[in-house]
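Structure first, then comments.
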2 protein chains.
Amino acid sequence: MSKDELSPTPETLAKQLKVLADPKRLRILNLLMSGVQCNCEIGDSLNMPANLISHHLRVLRNAGLVQVERDALDARWVYYSVNEEAIQALVEAFDAFFDLGRIQPRHPTCGPKRMKGKPTKKLIVKPL
Amino acid sequence: MSKDELSPTPETLAKQLKVLADPKRLRILNLLMSGVQCNCEIGDSLNMPANLISHHLRVLRNAGLVQVERDALDARWVYYSVNEEAIQALVEAFDAFFDLGRIQPRHPTCGPKRMKGKPTKKLIVKPL
DNA sequence: CAAATAGTTCAACAGGCGTTGAATTATCTC
DNA sequence: GAGATAATTCAACGCCTGTTGAACTATTTG
């Protein structure tokens, strides 16, 4: 049985995917899921300038995918971590949208006029 | 037990998500999964010019997410359909990358110097 | 208080890409 | 063959955004 969550609208899903559709942001997320959290550590691993990391982390934070903490002993250090609930919700939305169970058989309302009687028969022939 | 597929590299996943991170392309995919397949029908449903639809369908086709057929009786009509195997693989890659089971406990290699002994204790305090 | 450190913010540039309108191709009808 | 139809391709514009370097804030150290 396929998932019974209602799939999100294309607009909202596209907005979330736009945040993820960047290699460096995904590399940052990848590190965060591996337990790396210090901002400077991310910069070292990815060979990225600190300000660029700040920028991408801000995008991820605005999307609610990432959380921030400050070190209690030395407030200059900040630690980022993945928001598990948000990731969970995102995966569910993605899976619901692309659930293969949603795929319906073809039912075109247009096409050659003479096909009016039985419009949904064999097609193919030339793959273009 | 979580999925045992190895998660894709951030670069390859970002490339695939870039294709999906567009509202109109997602709306097209949404229609294709609902059984609508005629190019003109998509244009009617979405109030989009035909050439723009062609453009987006090309992007989706280059990504392998969509297939094309021509009408056997009237070759002017083309019908698009979702490539189920590609969608399946995409969902699996997405789920594998964002599998919460991948999340490791924090193990920072940097931080305040005096914390050298036990670096991974309580932090939080100010949410910034 | 001055210097150093971790991180953020700002301004500006450059490339990519979605959008648009017109031209082009391919096919079918009369 | 002429005209109509479905779709694609082409050229051009404009905006969004990732990137860069410098300035700025906040905090800690000596």
Side-chain angles (χ1 to χ4, degrees), chain A residues 10-11 14-15 17-28 36-44 46-63 66 68-80 108-115 123 125-128, chain B residues 10-11 14-15 17-28 36-44 46-63 66 68-80 108-115 123 125-128:
Chain A
E11 286 74 14
K15 208 171 293 182
L17 291 183
K18 239 179 191 323
V19 176
L20 302 177
D22 179 272
K24 297 191 175 165
R25 275 200 287 273
L26 281 188
R27 289 176 73 184
I28 291 175
V36 182
Q37 296 176 343
C38 186
N39 201 347
C40 61
E41 219 173 351
I42 297 176
D44 292 347
L46 273 53
N47 281 331
M48 288 168 56
N51 56 355
L52 185 53
I53 294 184
S54 275
H55 164 65
H56 286 305
L57 279 172
R58 180 135 88 120
V59 175
L60 291 171
R61 201 176 44 150
N62 286 341
V66 151
V68 192
E69 305 169 18
R70 293 199 99 92
D71 191 301
L73 296 173
D74 189 336
R76 287 175 298 181
W77 265 271
V78 299
Y79 301 97
Y80 286 89
T109 60
C110 61
K113 303 166 188 171
R114 47 199 161 99
M115 288 289 288
L123 308 163
V125 181
K126 312 177 199 166
L128 181 63
Chain B
E11 286 75 12
K15 208 171 294 182
L17 292 183
K18 237 179 192 326
V19 176
L20 302 178
D22 180 271
K24 297 193 176 164
R25 276 200 287 274
L26 281 188
R27 290 176 72 184
I28 291 175
V36 182
Q37 295 176 346
C38 187
N39 202 347
C40 60
E41 219 173 349
I42 298 177
D44 292 346
L46 272 54
N47 280 332
M48 290 167 54
N51 56 354
L52 186 53
I53 294 184
S54 276
H55 164 66
H56 286 305
L57 280 172
R58 181 134 88 118
V59 175
L60 292 171
R61 201 175 46 149
N62 287 342
V66 152
V68 192
E69 305 169 17
R70 291 197 100 85
D71 191 301
L73 296 173
D74 190 334
R76 287 175 299 181
W77 264 270
V78 299
Y79 302 97
Y80 286 88
T109 60
C110 61
K113 301 167 189 172
R114 47 202 161 96
M115 287 290 288
L123 308 163
V125 181
K126 313 176 199 167
L128 181 63

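Chain identifiers are assigned alphabetically (A, B, ...) following the order of the sequence lines, protein sequences preceding nucleic acid strands; residue numbering begins at 1 within each chain.
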Rounded distance (Å) that lies between atom [atom2] of [N] and atom [atom1] of [X]:
X	N	atom1	atom2	result
B:Leu26	C:dG18	CG	P	12 Å
A:Asp71	D:dT28	CG	P	9 Å
A:Asp44	C:dA6	CG	P	10 Å
A:Leu52	C:dC13	CG	C1'	15 Å
B:Glu69	D:dA7	CD	C1'	16 Å
B:Met48	C:dG21	CE	P	13 Å
A:Lys18	C:dC17	NZ	C1'	9 Å
A:Leu73	D:dT29	CG	C1'	15 Å

Considering the options A:Asn39, A:Val78, A:Asn62, A:Leu52, which one meets the side-chain contact (heavy atoms from CB on, under 4.5 Å) requirement together with A:Leu57?
-> A:Asn39
Roughly how far apart are [X] [atom1] and [Y] [atom2], rounded to 0.5 Å?
X	Y	atom1	atom2	answer
A:Leu60	A:Leu20	CG	CG	7.5 Å
A:Ile53	A:Glu41	CD1	CD	10.5 Å
B:Lys18	A:Leu17	NZ	CG	12.0 Å
A:Arg70	A:Tyr79	CZ	OH	11.0 Å

Closest to the [X] side chain: [options]?
X	options	answer
B:Ser54	D:dT9, D:dT28, C:dC28	D:dT9
B:Ala75	D:dT20, C:dC28, D:dT9	C:dC28
B:Asp74	D:dT8, C:dT8, C:dC28	C:dC28
B:Tyr80	D:dT19, C:dT19, D:dT8	D:dT8
A:Trp77	D:dG18, C:dT27, C:dA6	C:dA6

B:Pro23 and A:Ala14 have their tightest heavy-atom pair at N-CB, 3.5 Å
Hey, what bend do you get for the helix from C:dC1-D:dG30 to C:dC30-D:dG1 if you fit axes on five pairs at each end, rounded to 10°?
-> 10°
In terms of the nearest nucleotide of DNA chain D, which residue is placed more toward the 5' end: B:Arg58 or A:Arg25?
-> B:Arg58
Is the distance from OP1 or OP2 of C:dT19 to the nearest side-chain N or O of B:His56 less than 4.0 Å?
-> yes
Are B:His55 and C:dG18 close enough that a side-chain N or O sits under 4.0 Å from OP1 or OP2?
-> yes
Could you pull out the protein-nucleic contacts involving nucleotides 22-26 of chain D (nitrogen or oxygen on both sides, under 3.5 Å)?
unit_1	atom_1	unit_2	atom_2	d
D:dA22	N6	A:Asn51	ND2	3.3

For a side-chain hydrogen bond (donor to acceptor under 3.5 Å, both in side chains) with A:His56, tell me which candidate from A:Lys24, A:Arg25, A:Arg61 qualifies.
-> A:Arg25
